[in-house]
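This report concerns only the one structure given below.
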Amino acid sequence: MTIQLKAVDGGTVQLPTETMQAFMAGFRGTAIGPDDAEYEAGRKVWNAMIDRRPGVILRCTGTADVVAALRFVRQYNVLFSVRGGAHNIAGLAVCEGGVVIDLGPMKGVWVDAKGRMARAQAGCTLGDVDRETQVHGLAAVLGFVSATGIAGLTVGGGFGYLTRRHGWTCDTLLSMEVVTAEAKVLRASASENPDLFWALRGGSGNFGIVTSFEYRLFPVGPDILGGAIAWRAEDSKEVLDFLREFATRTPLDTTVVAVLRLAPPAPWLPPEIHGKPIVAVFVCHSGSIEEGNLIVAPLRACGQPVADILTRRPYAQMQTLLDATQPKGRRYYWKSHYLPGIDANAVDVLIDHAAKLPSPHSAIVLFQIDGALNEMPADHSPAGNRDAGFVLNVTGSWENAADDARATQWVRACFEAMRPFSTGGTYINFLTEEEGKDRIEAAYGKSNLARLAALKKKYDPDNLFRHTKNIAG
Ligand SMILES: Cc1cc2nc3c(=O)[nH]c(=O)nc-3n(C[C@H](O)[C@H](O)[C@H](O)COP(=O)(O)OP(=O)(O)OC[C@H]3O[C@@H](n4cnc5c(N)ncnc54)[C@H](O)[C@@H]3O)c2cc1C
């Protein structure tokens, strides 16, 4: 095939069939162009607000393909993006007119149960890793929605139900295999290329293409106490006021996630509540189930719940409970703050904005993350934000482009109203397309960002990895 690609300098590069044939001779994966049947599916990402048409998608089968793909983009000086699970809200996985280096086929997971570690290739989703580790009653610190890619999540920080116990996902990394800007394959760990290891633990896609991650694993389940309780919105004040105190006294193996939204038509919610405003609290207690039941008893006694599915269940199932709320292909717009805790006045602000939801799928979400991450020094990894207790994510989610303005305005208004309660920090992986330098600085803090910028000059002086939340210059 002949392909046309966007060059880094903004020009266009035409590559004739012979050039592509020569490249494909050294590439084991597939190349998908605009005329191929798989192109439409291949270019689409989770967020339907992103509608980019790359020149070619290179689906890599392993590290050697990633090296070949990177040599290719370097040789022709063309724009490229790196695709893991394609869940990034800003659509960083796909670039307009350039090359997508797609790691999707790289899905190997190897568990060393005795050594309590797992090595996972960069095309894995969270679900792929949980599935293999839970066979051994072990788990890595991963996020809340199973279709999310491990790669983008881990290099941006990562948090989930185990974060209170063990910190950011990237804090639990043992090593990574990475293809650098020079297309060299390096191992990064505390003892090998430690500065690169530091940068990759939160520095997002700026430092290379990680081909596999080695995670520390922790005993979890396989059964845990988990699920959710839901109340009508009328109980929001009582529930959130209770939760702000409750969350400060629970042990680190208990994590809550509060969601303010309209009740979806989910089987666990009674039909008469569907479409009505609710507050739901998801709980994962990864310690003993008996102890967990005692811990959650006061939460259960709060207000008048309309549904309660908090029960003994497999941890792997817990990891999928929020999946249905975040399907691929809707229009999404998020804005996020880290909060030190839930301030009493913030409760009123949240309830006020939850009363004006712009669509049935939009929600205000509070994820509890305090604990282990607060104990580590500020520069332990660039993910930083060691003063954060909760992640607030204001999540606009809707179906029709006609609703774009209304939904995004609601998100922005709630985000602005919550600014006084923020630590000032934010999560790099929740930044949308338009958020730039000031928000990148908020995600890392001045000092970690300065160190990242210096390492960027060392490992990627030409800013090859620019289709990222870019920290160069
Ligand atoms: C529904 C949903 C739920 C989420 N839940 C959580 C959560 O619970 N916890 C949490 O921490 N985050 C969560 N996130 C945010 C998530 O961490 C980011 O969206 C992340 O970018 C997803 O990774 P991905 O591999 O799917 O990203 P992609 O969109 O594939 O890639 C995004 C960017 O990550 C970088 N990248 C990807 N692969 C590599 C690689 N192999 N090497 C180097 N850089 C790479 C590149 O810059 C790339 O452009 C969620 C996102 C969504 C959409």
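In this text, all values refer to a predicted model and were calculated from it rather than measured experimentally. Atoms within a ligand are numbered from 1 in the order they appear, just like the ligands themselves.
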Within 6.0 Å of CZ in Arg244, more than 12 heavy atoms from elsewhere: yes

Nitrogen or oxygen atoms of Phe213 and ligand 1 under 3.5 Å apart: no

Closest approach of Asn470 to Asn206 (non-hydrogen atoms, all atoms of both residues): ND2-OD1, 3.1 Å

Contact (N/O only, under 3.5 Å) between Phe159 and ligand 1: yes

Residue-ligand contact Phe465/ligand 1, heavy atom below 4.0 Å: no

Salt-bridge contact Asp128-Lys107 (side-chain N to carboxylate O under 4.0 Å): yes

Lys458/Asp195 salt bridge by N-O under 4.0 Å criterion: yes

Ligand 1 to Arg83 polar contact by distance, N or O atoms, under 3.5 Å: no

Distance under 6.0 Å and angle within 45° of ring axis: Arg201 vs Trp168: no

Distance-only N or O hit between ligand 1 and Ala122, under 3.5 Å: no

Protein contact to atom 15 (C) of ligand 1 [nearest heavy atom, distance to 0.1 Å]: Phe430 CE2, 3.5 Å

Check: Tyr427 N/O within less than 3.5 Å of ligand 1 N/O: yes

Per atom 6 (C) of ligand 1, closest listed option by heavy atom (Val82, Leu153, Thr395): Leu153

Electrostatic pair Lys44-Asp51, nearest N-O below 4.0 angstrom: no

Glu399 with Arg330: basic N within carboxylate O range, under 4.0 Å: yes

Atom 4 (C) of ligand 1 - nearest protein heavy atom and its distance: Thr148 OG1, 3.8 Å

Nearest neighbour in protein (non-hydrogen) for atom 21 (O) of ligand 1: Asn88 ND2, 3.2 Å

Closest approach of Thr163 to Phe159 (non-hydrogen atoms, all atoms of both residues): OG1-CA, 3.1 Å

Atom 24 (P) of ligand 1 - nearest protein heavy atom and its distance: Gly85 N, 3.4 Å

Closest protein heavy atom to atom 36 (N) of ligand 1, given as residue, atom name and distance to 0.1 Å: Gly152 CA, 4.1 Å

